[in-house]
Q: 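This structure is in structure tokens; I'll ask about it shortly.
Since the model is a prediction, treat every value here as computed from it, not as a measurement.
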Amino acid sequence: TSRIPVREALQLLHRDGWVDLRPRQGAFVHQPTIREVDDVFRVRTLLEVESTRVAAERADAKSIKRLRKVLEAGTKVLARDDEKELVRLNSTFHSHVAEIADNHILAGIIGRLDSRIRWYFVPVVRSRGSESWKEHRTIVEAIAAGDPERAADAMRVHAELTQAAYHAAREDQEQAEAGLG
């Protein structure tokens, strides 16, 4: 591969916030600041709460069945302790909720946030795993009951607990690094 496509790829990764380019030093994987993470979680919470509210209004038996199937798969994967698959299924769950809401703009914006959310979820998937899937179940039951407010509240709590878990994991990591230095 020549330098031009590599440079263009790095520029795209930099533009999207995945890579930091430092003159005369090179390209480095971006380490998000707490503020960046909080900004993403705030936007995610706003979007997903609304998506869940609308999903509760529009869900039908087929869409509820799809969500319950993801819940079942998540429970099985939890028992196997497969972190990579848990992250994927978590994303699938949230994607399905957005699809049920049937708002293509909302689903598209949530979809664009998905890779960031996955990145931030990886460090907490083990600590959040079991509770996260219980929260998913609460969300599904509220959607199935056709209760938009309860569904939205459950999604808000879920998103906020994940954000808090990220903060705790980050603090633990920083303390461990400080102890090593």
Q: Check whether Phe93 and Ile64 end up in the same hydrophobic cluster, where Ile, Leu, Val, Met, Phe, Trp and Tyr are linked by side-chain heavy atoms less than 4.5 Å apart.
A: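 Yes: a chain of side-chain contacts under 4.5 Å links Phe93 to Ile64.
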Q: Hey, mind stepping through His94 and Arg44 against side-chain contact (heavy atoms from CB on, under 4.5 Å) and telling me if it holds?
A: CA-CA 11 Å; His94 288 272; Arg44 174 206 185 201; 3.1 Å; yes
Q: Can a donor-acceptor pair be found between the side chains of Gln173 and Glu177 at a distance below 3.5 Å?
A: yes
Q: When clusters are formed by joining ILVMFWY residues with side-chain heavy atoms under 4.5 Å apart, either directly or through shared neighbours, do Ile117 and Val157 land in the same one?
A: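 No, separate clusters.
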Q: Under the side-chain contact (heavy atoms from CB on, under 4.5 Å) rule, what do Ile109 and Arg112 come out as? Steps first, then yes or no, please.
A: CA-CA 5 Å; Ile109 295 169; Arg112 284 192 291 280; 3.4 Å; yes
Q: Tell me the closest heavy-atom pair linking Asp114 and Ser91, and the distance in Å.
A: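 Answer, listing the atom of Asp114 first, then Ser91: OD1-OG, 2.5 Å.
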Q: Side-chain heavy atoms nearer than 4.5 Å, only ILVMFWY residues, links allowed to pass through others: does that put Ile34 and Val122 together?
A: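 Yes, because Ile34 and Val122 connect within a single hydrophobic cluster, where side-chain heavy atoms sit under 4.5 Å apart.
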Q: Please report the closest heavy-atom contact between Ile143 and Ala151, naming both atoms and the distance.
A: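 Distance-wise, the nearest heavy atoms are CG1-CB, 4.0 Å.
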Q: Can a salt bridge be assigned to the pair Arg137 and Glu141 using a cut-off of 4.0 Å between side-chain N and carboxylate O?
A: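 Not counted as a salt bridge, because no side-chain N and carboxylate O are separated by less than 4.0 Å.
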Q: Is any side-chain heavy atom of His167 closer than 4.5 Å to one of Asp38?
A: yes
Q: Let's go through Trp119 and Arg116 carefully: what are the C-alpha distance in whole Å and the side-chain angles of both, what is the deciding distance for side-chain contact (heavy atoms from CB on, under 4.5 Å) to 0.1 Å, and is it a yes or a no?
A: CA-CA 5 Å; Trp119 187 18; Arg116 289 243 183 240; 3.3 Å; yes
Q: Charged N to carboxylate O below 4.0 Å: is that the case for Arg170 and Glu174?
A: yes
Q: Using the rule that Ile, Leu, Val, Met, Phe, Trp and Tyr join whenever any side-chain heavy atoms are under 4.5 Å apart, tell me whether Val37 and Val29 fall into a single cluster.
A: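 They do not share one cluster, since no chain of ILVMFWY contacts under 4.5 Å joins Val37 to Val29.
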Q: Is there a side-chain contact between Asp102 and Val54 in this structure, where contact means two heavy atoms from C-beta onward sitting under 4.5 Å apart?
A: no
Q: What distance do Arg118 atom CZ and Lys84 atom NZ have between them, rounded to the nearest 0.5 Å?
A: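 Separation between the atoms: 10.0 Å.
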Q: Look at the side-chain heavy atoms of Ile, Leu, Val, Met, Phe, Trp and Tyr, link any pair under 4.5 Å apart, and say whether Leu113 and Trp18 land in one connected group.
A: yes
Q: Could you check whether any side-chain N or O of Asp60 sits under 3.5 Å from a backbone N or O of Lys62, counting only pairs where one atom can act as donor and the other as acceptor?
A: yes
Q: Which heavy atom of Tyr120 sits nearest a heavy atom of Pro123, and at what distance?
A: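 Looks like O-CD, 3.3 Å.
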Q: Taking only residues two or more places apart in sequence or in another chain, which ones pass side chain to side chain contact (heavy atoms under 4.5 Å, CB included) with Leu12?
A: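 Leu12: side chain to side chain contact (heavy atoms under 4.5 Å, CB included) contacts with Arg15.
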Q: Between Lys69 and Glu72, is there a side-chain N and carboxylate O pair less than 4.0 Å apart?
A: no
Q: What distance do Gln163 atom CD and His158 atom NE2 have between them, rounded to the nearest 0.5 Å?
A: 12.5 Å
Q: Would the distance check show the side chain of His14 and the main-chain N or O of Val19 forming a donor-acceptor pair, the cut-off being under 3.5 Å?
A: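 Yes, because the side chain of His14 sits within donor-acceptor range (under 3.5 Å) of the backbone of Val19.
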Q: What residue among Asp39, Leu47, Thr45 forms side-chain contact (heavy atoms from CB on, under 4.5 Å) with Val43?
A: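 For Val43, the side-chain contact (heavy atoms from CB on, under 4.5 Å) check succeeds only for Leu47.
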Q: Indicate the atoms forming the closest heavy-atom contact of Thr138 with Ala154, along with that distance.
A: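 Nearest pair, atom of Thr138 first, then Ala154: CG2-CB, 4.0 Å.
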Q: Determine, stepwise, if the pair Asp153 / Arg156 fulfils salt bridge (Lys or Arg N to Asp or Glu O under 4.0 Å).
A: CA-CA 5 Å; Asp153 288 343; Arg156 181 179 296 102; 3.0 Å; yes
Q: Between NE2 of His136 and CE of Met155, what distance do you get to the nearest 0.5 Å?
A: 6.5 Å
Q: Between the side chains of Glu85 and Arg80, is the shortest nitrogen-to-carboxylate-oxygen separation below 4.0 Å, so that they form an ion pair?
A: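 Not counted as a salt bridge, because no side-chain N and carboxylate O are separated by less than 4.0 Å.
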Q: Taking the side chain as every heavy atom from C-beta outward, state whether Leu21 and Gln11 have any pair of such atoms under 4.5 Å apart.
A: yes
Q: Closer than 4.0 angstrom, basic N to acidic O: yes or no for Arg128 and Glu135?
A: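 Looking at Glu135 together with Arg128, the answer is yes, because their closest N to O distance falls below 4.0 Å.
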Q: What's the spacing between Asp81 CG and Arg126 CZ if we round to 0.5 Å?
A: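 Result: 4.0 Å between the selected atoms.
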Q: Supply the atom-to-atom distance Ser51 OG to His96 NE2, rounded to the nearest 0.5 angstrom.
A: 12.5 Å
Q: Test side-chain contact (heavy atoms from CB on, under 4.5 Å) on Glu48 and Val97 and set out the steps.
A: CA-CA 8 Å; Glu48 290 204 8; Val97 171; over 6 Å; no
Q: Taking side chain as C-beta onward, heavy atoms only, is Tyr166 less than 4.5 Å from Pro32?
A: yes
Q: Please report the closest heavy-atom contact between Val124 and Thr162, naming both atoms and the distance.
A: CG2-CG2, 4.4 Å
Q: Are any of the side-chain heavy atoms of Trp133 and Val70 separated by less than 4.5 Å?
A: yes
Q: Just verifying a value: how many Å separate Leu67 CG and Thr92 OG1, rounded to the nearest 0.5 Å?
A: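 Answer for the CG-OG1 pair, Leu67 versus Thr92, is 11.0 Å.
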Q: Where do Ala145 and Arg150 come nearest, in terms of heavy atoms and distance?
A: CB-NH2, 3.2 Å
